[in-house]
Amino acid sequence: MPEMPKSTDAQTAIRYDDTLAEAIEIKWQTYWQEHNTNKVPNPGEPGFDPSKPKFYALDMFPYPSGSGLHVGHPEGYTATDIISRYKKMKGFNVLHPMGWDAFGLPAEQYAIKTGVHPEVTTKQSISNFRRQLIRFGFCYDWSREFGTIDTDYYKWTQWIFLQIYNAWFDPDQNRARPIDELIAEFEAGSRKVKLNPNAVEYVGAGDLPDGTDAGAWSTLDRETRKAIVDSYRLAYLAEQTVNWCPKLGTALANEEVIDGRSERGSYPVFRKPLRQWMFRITAFADRLLEGLNDLDWPSSTKTQQSEWIGRSVGAEIDFPILAPSGNPMGEALRVFTTRPDTIFGATYMVVAPEHPLVDLAEDFAPPELDIKRLRNYVEWARNRTDIERQENKEKSGVFLGLHVNNPATGKPIPVYTADYVLMGYGTGAIMAVPGQDQRDWDFAKAQDLPIVRTVQPPEDFEGEAYTGQGPAINSHFLDGLDIKQAKATMIEWLRAHKFGAPKVNYKLRDWLFSRQRYWGEPFPIVFDDWGNHHPVSEDTLPVTLPPLADYAPEESSDPQPLLAKAKDWVQTTAGEAGVEGFDPDKPMRRETNTMPGWAGSCWYYLRYIDPKNEDRFISKEAEQYWLGENAVDLYIGGAEHAVLHLLYARFWHMCLHDLGHLTSPEPFRKLFHQGLITSFAYQRGDKTLVPVDMVEERSEGHYVEIETGAPVSQITAKMSKSLKNVVNPDDVIADYGADTFRLYEMYMGPLEASKPWNTRDIIGLHRLLQKIWRLCITEQGDFITTDTPDETTEKQLHRLIHKAGEDIERLSFNTAIAAIFEFVNLAKKLTEDQADRFIRVLAPFTPHLAEELWEKLGRAPSVTTQPWPDFDESKLTDDEIEIPIQVMGKLRSTIMLPKDSDNKAMEEAALNDDKIVKFLEGKTVRKVIVVPGRLVNIVAN
RNA sequence: GCCGGAGUGGCGGAAUUGGUAGACGCGGCGGAUUCAAAAUCCGCUGUCCGAAAGGGCUUGGGGGUUCGAGUCCCCCCUCCGGCACCA
């Protein structure tokens, strides 16, 4: 880092350098804090102006890690800061808050190693993060700050859990409703009393609930009623095969498992049955999918969410199971297919190794079946980890010894089990159509099973399974129909013959919400002696997290949640927990699982609106003003949350909306992802990487490894300790100041693009601030203005005001800053009035420097409360403009013309231009194209 | 494998609707200033041919549409991101 000259050097000249920048920045940060400049009142509070429209600009709040801010954090934060300051100047009441996503594994893992309570390390990290964010000059309303670990915050997280627990999804109204309304309908007899037919926790348990009428409510005992009601709750407890991560000591949601490994830490994940809290998010699959249409979100994020939800339309079809005698047994094997039109080509069936039919098959096995081989296969397949499945997709499987009847052909076909069929999707069974499905083709080849094509491939088709369009063949009454017609016809036939019905399936699974960790929100749930769960009453919230003596998980194949160690805390009574219908002294046990980190981040954007409210999660009045129809107007954060946080938060929001707590149907109106900040790295010829301090630049663009002198190539890579290319924001601020840092990150390139950090480039932005300083301030430190306005400067200022405003609106900060450069390069001296407007343009970008100049100009602080300057449309263009003249699309000359010249004048001027006359010698002009105000193109040969 | 996004000087990038490609910044070269240096200011800086005037080429590669293509269409290559036995 080159040493910057200090303003305290021999000369007393006051120049903009790191020392002055720091002095100015600390001065104004202190001023803002002391004068509550960034505090935004709520409706009804003093100073609130209800006539102004609102703008809610939200950052993804950080997880406060021990290592402090990364340079990636201030990228998005600076963007929202500029927008927030600009919108405020444009007359909006701007809500721009910040807080802490503070529950989570790293603090707990640190606690296991060191014995320091996670709360201690987390609060230290929060202090450090807060210090850093304040040092950047971000205009957060710090009076709204909170952390997800605060008891008066997670009290309401628990309250929301109870709201969802006490709700059910009504498919007729396509919305969540209070569970009391369901019970009332049962009591009144207006709704059939039966288990929830969509309760996935009962599917596959061999007890398909649909249609099973339980009889009148009044005739049912307490246990049956509870079982029925619980099957509808949007939060439910179920024994499920979950993603168990032994290394993290907890179960994980599907969304947290990537390629069979944990999203955090990348540890192997195994499948294990556990009794866990689940959210019935699948009930909202269609709402979550359709809601995306109206949102101003990046299309890639919408695509990711909709692919995660994975809606597919098809049919469920029953294949009657045949007894060894060949006669139907009365039971059917139900499959889901998106291609009912291909059923005539279904030459065999496959069920997942976990499918109940596998156990049944052993009972009915014909003597010739090798039971041992079947058992071995099922055992092997069931224990295969997801990682192993990823690595080896060879088609293997065994015959179950059973046959079913293909209802379309009327012929028996064999049933296999194979691990390429997943128990977790559809019914865990498929009809295999090798002619139209490559996986089935591969399996059929491996097992020597017949293949029948039911769609005519084109003549030149050389592949195996054919999945394209074409007329149906070998399919009796479907022959000749295209796929769409054939599907519709087949579904009608199946329906008429009671073999099947249309069905929509989703890849989305219910959301596993229990974690066996310590550092998370406790559930507001207790259990009685019989293991029934009961919600604690609202007035006993929060259920506070007890201290623990040690945090190490106990090694066990039957994992116990860590909170079970807090024995005194676990033991409570019905009276203490507020559970009705029991003797107050009746002992109850608290739920010892905790909520995942997502719980706190699911609704933090709501709490900012009314963070100190002790009576409600947020007040109705604040909700209606700050959220209204659009909720968050702009949400900026990383793309890594495309299907985790952003899906979960939408789900909670929809529940709260349906239950009447929120007006807006969706939480985040506009979403924007800032790009990753990468770093340069150097690569040898063999593609190995060299740490940056081992490389030097010999000449422009040519780099060598210092030790060997071997050339290396510059590439971009993620910042990492091993490459020694991690940048600490504190260091950059110390060297240049926060205003320079802010400008640099915004000038690097488009906000959404991934782009490399290049320390060498920062100086350019620092020089810009020095130029601005010199433009306005003398070496004695006084503001210098001129009384004679320069017309070119005036015009350029109008263009700057116009372009900067427009570019901020479309989040194109790099071009807005380029416009500031152009203005400063052109302006020699400003009048007081020009300086006034120019400083206001600077204010969102470099708030500290703008405040200082504003004060030196003799204006009363703060410039942040000033309106954005106006511009004059007529000053945006010159009277005379340069018009390019092309011949055959190639530039041959340019001419100056009055800006409103008509086509004829332009054509004439072009054809009379000396260069053009010369160029056209010996050629015939065929046509002249004139674009008014843009160019002239002459077609000639 | 499938689905997105991208590829522009030595580097980061600009070109908002098909209309002067390379704005702006970094770096580089030259000059002014200085005892000297830093800082600052001025000029030049895609590439090839040419002494110059001027001209050719140029937005990953190839083809096309158009008076005109970085931008639209088709094929291919490379990189990044996501999904991945979902029937």
Side-chain angles (χ1 to χ4, degrees), chain A residues 2-5 15 17 258-259 298-304 307-308 310 312 314 335-339 342 350 389-390 393-395 418-422 424-433 436-440 442-443 505-508 639-640 642-643 675-676 678 680 697 699-702 714-716 743-744 747-750 752-765 767-768 770-771 774 806-807 810 812 814-815 817-822 825 882-894 915 926-931 933-940:
Chain A
E3 267 302 301
M4 307 292 293
R15 290 187 182 153
D17 60 13
I258 295 159
D259 294 340
S299 60
S300 59
T301 305
K302 288 190 185 185
T303 306
Q304 278 182 54
E307 281 176 1
W308 187 262
S312 44
V335 302
F336 173 73
T337 178
T338 55
R339 293 294 301 274
T342 63
V350 187
R389 290 191 182 208
Q390 288 293 334
K393 292 181 180 176
E394 292 275 302
K395 295 289 174 294
D419 72 347
Y420 80 92
V421 173
L422 311 173
Y425 185 75
T427 61
I430 62 159
M431 63 175 211
V433 188
Q436 265 71 232
D437 184 292
Q438 190 60 43
R439 295 156 304 183
D440 296 344
D442 294 341
F443 189 80
N505 245 321
Y506 301 90
K507 286 187 203 173
L508 183 70
E640 68 273 17
V643 287
L676 198 67
T678 58
F680 286 121
E697 188 174 11
S699 63
E700 238 180 74
H702 298 279
Q714 191 182 56
I715 58 157
T716 55
L743 277 190
Y744 170 63
Y747 191 62
M748 289 172 79
E752 69 276 20
S754 160
K755 45 211 174 276
W757 180 275
N758 192 358
T759 301
R760 192 167 77 177
D761 289 345
I762 301 172
I763 190 70
L765 287 304
R767 278 182 202 149
L768 173 65
Q770 292 176 320
K771 274 188 193 177
R774 284 199 308 272
E806 212 173 55
D807 285 354
R810 63 190 182 99
S812 179
N814 53 334
T815 52
I817 295 166
I820 298 175
F821 267 111
E822 286 181 83
N825 288 343
E882 191 188 48
I883 298 290
I885 303 172
Q886 300 178 337
V887 179
M888 304 297 288
K890 281 189 193 295
L891 181 72
R892 297 299 172 188
S893 183
T894 57
K915 280 188 193 165
R926 307 280 174 194
K927 194 174 171 188
V928 179
I929 288 142
V930 179
V931 185
R934 293 309 294 245
L935 58 50
V936 180
N937 187 15
I938 300 162
V939 185

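Here is how names work: the chains are called A, B, and so on, in the same order as the sequence lines, proteins then strands, and each is numbered from 1. Just so you know, these numbers come straight off a predicted model, no measurement behind them.
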Problem - For A:Tyr744, all residues meeting ring-ring contact (aromatic ring centres under 6.0 Å, His included), sequence neighbours excluded - result: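 ring-ring contact (aromatic ring centres under 6.0 Å, His included) list for A:Tyr744, sorted by chain: A:Trp757.
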Problem - Set of ring-ring contact (aromatic ring centres under 6.0 Å, His included) partners for A:Phe821, sequence neighbours left out - result: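 A:Tyr747.
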Heavy atoms under 4.0 Å, any strand shown: does [X] hit a base, just sugar-phosphate, or nothing?
{"X": "A:Asn814", "answer": "sugar-phosphate"}
{"X": "A:Phe680", "answer": "sugar-phosphate"}
{"X": "A:Val421", "answer": "base"}
{"X": "A:Glu307", "answer": "sugar-phosphate"}
{"X": "A:Lys890", "answer": "sugar-phosphate"}
{"X": "A:Arg934", "answer": "sugar-phosphate"}
{"X": "A:Val939", "answer": "sugar-phosphate"}
{"X": "A:Phe336", "answer": "base"}
{"X": "A:Lys771", "answer": "sugar-phosphate"}
{"X": "A:Gln438", "answer": "nothing"}

Would you measure the distance from the [atom1] atom in [N] across to the matching atom in [M] and give it in whole Å?
{"N": "B:C73", "M": "B:U17", "atom1": "P", "answer": "14 Å"}
{"N": "B:A84", "M": "B:C11", "atom1": "P", "answer": "37 Å"}
{"N": "B:G18", "M": "B:U33", "atom1": "C1'", "answer": "49 Å"}
{"N": "B:G28", "M": "B:C79", "atom1": "C1'", "answer": "28 Å"}
{"N": "B:C2", "M": "B:U8", "atom1": "C1'", "answer": "29 Å"}
{"N": "B:U71", "M": "B:G19", "atom1": "C1'", "answer": "11 Å"}
{"N": "B:C41", "M": "B:C49", "atom1": "C1'", "answer": "35 Å"}

Problem - A:Lys915 side-chain N/O to A:Arg892 backbone N/O, donor-acceptor pair under 3.5 Å - result: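 Pair absent, no side-chain N/O of A:Lys915 close to backbone of A:Arg892.
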Practice task
Give a yes or no on whether the backbone of A:Gly889 and the side-chain of A:Asn937 come within a donor-acceptor separation of less than 3.5 Å.
Solution key: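 A pair under 3.5 Å: yes.
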Problem - Watson-Crick or G-U stems of RNA chain B, 3 or more pairs, under 3.5 Å, by first number - result: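 Result, WC/G-U stems under 3.5 Å: B:1-7 with B:77-83, B:10-12 with B:24-26, B:27-32 with B:40-45, B:46-49 with B:54-57, B:60-64 with B:72-76.
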May I ask you to evaluate whether [X] reaches the phosphate of [N], defined as a side-chain N or O under 4.0 Å from OP1 or OP2?
{"X": "A:Asn825", "N": "B:A23", "result": "no"}
{"X": "A:Tyr425", "N": "B:A87", "result": "yes"}
{"X": "A:Arg774", "N": "B:C41", "result": "yes"}
{"X": "A:Arg767", "N": "B:C41", "result": "no"}
{"X": "A:Ser312", "N": "B:A87", "result": "yes"}
{"X": "A:Lys507", "N": "B:A84", "result": "no"}

Exercise for the section: Classify the glycosidic conformation of B:G5 as syn or anti, calling it syn when the angle lies within 90° of 0. Expected result: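 Anti, which is what one calls it when the glycosidic angle falls more than 90° from 0.
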Practice task
Please say whether the positively charged group of A:Lys395, taken as NZ for Lys or CZ for Arg, lies over the ring of A:Phe443, i.e. under 6.0 angstrom from the six-membered ring centre and within 45 degrees of the axis.
Solution key: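 Judged by the rule (NZ or CZ under 6.0 Å from the ring centre, within 45° of its axis), A:Lys395 is not positioned above A:Phe443.
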Rounded to the nearest 0.5 Å, what separates atom [atom1] in [X] from atom [atom2] in [Y]?
{"X": "A:Ser812", "Y": "A:Asp807", "atom1": "OG", "atom2": "CG", "result": "4.5 Å"}
{"X": "A:Asn758", "Y": "A:Thr716", "atom1": "CG", "atom2": "OG1", "result": "11.5 Å"}
{"X": "A:Met431", "Y": "A:Asp440", "atom1": "CE", "atom2": "CG", "result": "9.0 Å"}

Handout entry: Distance-only donor-acceptor test (3.5 Å): side chain A:Gln770, base B:U40
Key =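 Side chain to base: no pair present.
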